[in-house]
Every structure is written in structure tokens, then in C-alpha cells.
Amino acid sequence: MGHTATAQAGSGGLTATEHRLANGLRVVLSEDHLTPVAAVCLWYDVGSRHEVKGRTGLAHLFEHLMFQGSAQVKGNGHFELVQGAGGSLNGTTSFERTNYFETMPAHQLELALWLEADRMGSLLAALDDESMENQRDVVKNERRQRYDNMPYGTAFERLTALAYPEGHPYHHTPIGSMADLDAATLEDARQFFRTYYAPNNAVLSVVGDIDPEQTLAWIEKYFGSIPSHEGKPAPRDGSLPDVIGEQLREVVEEKVPARALMAAYRLPQDGTRACDAADVALTVLGGGESSRLYNRLVRRDRTAVTAGFGLLRLAGAPSLGWLDVKTSGDVEVPVIEAAIDEELARFAEEGPTAEEVERAQAQLEREWLDRLGTVAGRADELCRYAVLFGDPQLALTAVQRVLEVTAEEVREVAKARLRPDNRAVLVYEPIAAEDTEDTEDTEDTENTENPEEAAEAAGTDENEEAAK
């Protein structure tokens, strides 16, 4: 099955064709002959939201296992073959999907397709106790390095647990808990593969200097014989009321460089006009050094050294507006919080200026162009819209919805959602140096993890090191 490649309005001349194999694998192709490279991206419709209590972190652990060999590719061979051919590769896990990707010289495209097909079709032939234990240790070490032993490292995990109630599919983050990682068995991993790693639960995109006819022939050759699987359970309902109804709060006393105020606001789900309006609102308020909060807290009041407000878009649950402020000197958190609430209340009452909306839309448009401007970024976006919204073509026109948002829509979503009774708050209070055994400098770790990056537990570089 194919789809016309006629460029849509607002797509910047970019095109994509859609195809589906008999086993259910969706294929999206986009030609781009600007440079002699090709990107392969494979999204599986499985993430941490599909996990059950007691087995958190399994989706991310399995992402690591996918780099531990398959029937025809032993051990670390996937890395060795791709990098030996001049390509790059990685994989990530989020709440809503797991993805794998390679960027190759165009003449090595067939190799990347064969490698992805081999592990989709035959990973179980190589999955054993040794690889399971190897990657369990790698993931546990990743958790120690990126979360448990890093200043502000558990902030995203803590705020997520506050913002989404116990039992909600987004209550836990993709990294999982140490106890659950220890509890995962080889049979858990095998059953996970059988359930989710099937062609009818995946989207494959190929973007770049390609011959579509030849590319489709390779895809049919290598993926066409992999059987589909119909046993996937439906994801649990992630819907919640628009407003939390109270301010949830946690104070953390840790060895951190400075006091911090972080908050997660419950915002509209991705794919809605209200979510686009929220994106513009947060960009005006905290998207860079020209934003309102940065100008107020860092430049004018000099009570903070950094202030940001960003949107974590989610399709299966309310999105999160992520506020992150690090205080300056001995400034107390209530001083910062009062100023933030004052700015949010004024914004909800008056709304943004026409100039602010235009600047925010231009910033979001540039970010969209940056994503589509590389073959790897475009391949990822095509998969994203296919998996989460059923239509990869939306990737080429999504920015138009943002550009159509009005100042009044921005004000309305801010008034309805950016309120004290609709946020989970995390306050960091530093432990005095004399109260700790280790007083080494932590100046380079002031910035907590970006929420989009925290929602993607990417660790395949460590896979490579562990396999050496």
C-alpha cells in the first residue's frame, strides 16, 4: 500500500510516502538527496506506560538487551558493523515508545535494514542469562550515575510520581527502580519481546539519499517474513482531571550546589490545539533568556541564576509544564515562589503581547525546522506521528498549528492551568558542607536534566562499553 508523495501545504517541500507490509509493519520513506546519507528509524509502540507494578524499568532494560546480539549478529556486533561502515546508532526509551536508529552512508543502507530486521525477528535466539545479567548491571549503573548520585538527579522522577497518582501508567519513569531491575527475570524479558517486538507494533522510517523502490524491496526481503503478533494488551487509561485540585509539595534535603524550586503543571495532551497554546505560553514565560521569568528572576531581581519553563508533550496522558529555577546566593525559595506566582497571575490576566507570541512562535518554528533539517531528525518525527497519532504526514505540517495559535488562546490556557492548585512542587534545600563527609566541588552539575531527556532513558553507549 502506498501514499502519494505530493508536498503538503506548510511542509517546506518535504514529502513522505507510506507503505504497509502484509505482517503489519508500517513503512515511511522520505527522499532527500542533499547529502549521501540515509537514516533508519524504528519505533516500537511500547514504553514505560505499558509496564506493570513490580516490573518498572523493563522497557528500558530491554532496549539495552536489543544491542546484545541476535541470531546472525553476536555480542557487540551491531555496534561494530554500523560503526565499521561509517555510521552512527543509538536507542532510547520513553513513557510512550522505544526507538532504535542508525545514520549510514547511503550505500550502506541495506546493512542497517538487515541488522534491524535480524534483531526484530531473532533476538530470542541470543537472549540468555549472561546477556541479561550484563545489561541489568549496566542499567543499574546508569541509574546510579544519571539519577541517584547526581545533584538534582531524581527531580524528574520525584515530580512525575507527585504529578501522576499511584497506579497511573505515568507514575513511574522509564529508568525504573533498583528493586524492580533486580526482580526482572530472563522469562520476563522473553515474554516482553514476544508481546511488543512484532512488526505490527512498529513503524520503520527511512529518510535520505535513497531509491524508494530498492529500499522497499530490501524492507520486504528482510522484514516481510517476520510473523506478526496479536497478543499486545491495550495500554492503561492515562486520562486525569484537567486540574490536580491542590498543590502537592515535597522538600528534599541533599548535597546540591544551590536551592532549587521545580514544579510540574498538568497541561493538555499532545495533539490538541490547547497543547500548542500551552507550548507558546511556556515559551513566552520561560523559553530562554528573553522570557518573562528569566528577565524577572535573573536579570531584574537577581534572585536566581537560571529560570526555565518547558513543555513535556505526552499523547497518552496530560502533558507536563516543567518549571526549573535555581536560586542565587542565600535567596530563600519563598521569595522565588512569590515572584513566579505574581508573574503567572499577571500573564493569566493580561496574556502575552503580540510581539511575545510572534517571538515564541518563531522559536518553536526554528526548533521544528532543526528537527526536520537532518535525515535522522526527520526519520524520528515521521515515526513519532505515525505511532502516537496514526499519521506520519503530520510531522511535515505540525508547526502550522503552533503558528495559528492566538494570544487569547495562550492567555486562556495559562489562566486555566498555570495555577498553584495545579502543580506538584519540589524544593531542594542544600545540606551544609560541614554536615557531609564529601565536600568536593559540584559547580559543574547545577543544571538538572531536561524533562524531555529525562523521559528518554538512553543508555546504549554504555551497552557498547560493557560489551568490550
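Just the heavy atoms: all of them, side chains too, but no hydrogens, waters or symmetry mates, feed the values below.
- With sequence neighbours excluded, no residue forms a salt bridge (charged side-chain N to carboxylate O under 4.0 Å, His left out) with D237.
- The number of heavy-atom neighbours closer than 6.0 Å to CG of D330, taken from other residues, nucleotides and ligands shown, is 12 or below.
- For the atom pair NE2 (H50) and CZ (F192), the distance works out to 8.5 Å, reported to the nearest 0.5 Å.
- For R302, the salt bridge (charged side-chain N to carboxylate O under 4.0 Å, His left out) test picks out no residue, with sequence neighbours left out.
- Aromatic ring pairs are classed by plane angle as parallel below 30°, tilted from 30° to 60° and perpendicular above 60°; the pair H78 and F67 is perpendicular.
- Between R236 and E51, none of the side-chain N atoms (NZ, or NE/NH1/NH2) sits under 4.0 Å from a carboxylate O, so this pair counts as no salt bridge.
- Salt-bridge formation is detected for the pair R292/E356: a Lys NZ or Arg NE/NH1/NH2 atom is positioned less than 4.0 Å from an Asp or Glu carboxylate oxygen.
- Taking S131 as the reference, D128 meet the side-chain hydrogen bond (donor to acceptor under 3.5 Å, both in side chains) condition, with sequence neighbours excluded.
- Here CG of L388 is found 7.5 Å from OG of S94. Values are rounded to the nearest 0.5 Å.
- Evaluation of the salt bridge (charged side-chain N to carboxylate O under 4.0 Å, His left out) rule for R273 yields E404, E409 as partners, not counting sequence neighbours.
- Side chain to side chain, T283 and Q363 fail the donor-acceptor criterion of an N or O pair below 3.5 Å.
- For residues 276-288, the pairs satisfying salt bridge (Lys or Arg N to Asp or Glu O under 4.0 Å) are D276-R313, D276-R401, D279-R313, with sequence neighbours left out.
- Salt bridge annotation for E142-R146: present, with a cationic side-chain nitrogen under 4.0 angstrom from a carboxylate oxygen.
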Could you give me the CA-CA distance, side-chain angles and deciding distance for T92 and R97, then say whether side-chain hydrogen bond (donor to acceptor under 3.5 Å, both in side chains) is met?
CA-CA 8 Å; T92 69; R97 59 95 184 103; 3.2 Å; yes
Stepwise, does the salt bridge (charged side-chain N to carboxylate O under 4.0 Å, His left out) test hold for R119 with E102?
CA-CA 14 Å; R119 60 181 173 181; E102 295 89 6; 3.7 Å; yes
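- Environment of CD in E253: sparse, with no more than 12 heavy atoms of neighbouring residues, nucleotides or ligands closer than 6.0 Å.
- The CG atom of D32 lies 10.0 Å from the OG1 atom of T374; values are rounded to the nearest 0.5 Å.
- Note on D182 versus R136: no salt bridge recorded, every NZ/NE/NH1/NH2 to OD/OE distance being 4.0 Å or above.
- Considering CZ of R366 and CG of L364, their distance stands at 9.0 Å, rounded to 0.5 Å.
- Remark: Y44 engages Y100, Y197 in a ring pair (Phe, Tyr, Trp, His ring centres under 6.0 Å) (not counting sequence neighbours).
- E250 meets the side-chain hydrogen bond (donor to acceptor under 3.5 Å, both in side chains) test with R158; sequence neighbours excluded.
- Judged as a ring pair (Phe, Tyr, Trp, His ring centres under 6.0 Å), and not counting sequence neighbours, the contacts of H168 are Y164, Y170.
- Scanning for ring pair (Phe, Tyr, Trp, His ring centres under 6.0 Å) contacts around F347 gives an empty result, with sequence neighbours left out.
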Would D148 and R143 count as a salt bridge (charged side-chain N to carboxylate O under 4.0 Å, His left out) if you check the C-alpha gap in whole Å, the side-chain angles of each, and the deciding distance to 0.1 Å?
CA-CA 6 Å; D148 298 336; R143 181 181 171 92; 3.1 Å; yes
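- Sorted by first and then second residue, the ring pair (Phe, Tyr, Trp, His ring centres under 6.0 Å) pairs with a member in residues 249-274 read Y265-F309; sequence neighbours excluded.
- Within 6.0 Å of atom CD in E358, 12 or fewer heavy atoms from other residues, nucleotides or ligands are found, so the atom counts as exposed in its surroundings.
- Residues meeting the side-chain hydrogen bond (donor to acceptor under 3.5 Å, both in side chains) test with R144, sequence neighbours left out: none.
- Within 6.0 Å of NZ in K415 there are 12 or fewer heavy atoms belonging to other residues, nucleotides or ligands.
- The existence of a salt bridge linking R346 and E349 is excluded, since no basic side-chain nitrogen approaches an acidic carboxylate oxygen closer than 4.0 Å.
- Note on R384 versus D380: no salt bridge recorded, every NZ/NE/NH1/NH2 to OD/OE distance being 4.0 Å or above.
- With sequence neighbours excluded, the residues that form a salt bridge (charged side-chain N to carboxylate O under 4.0 Å, His left out) with D242 are R417.
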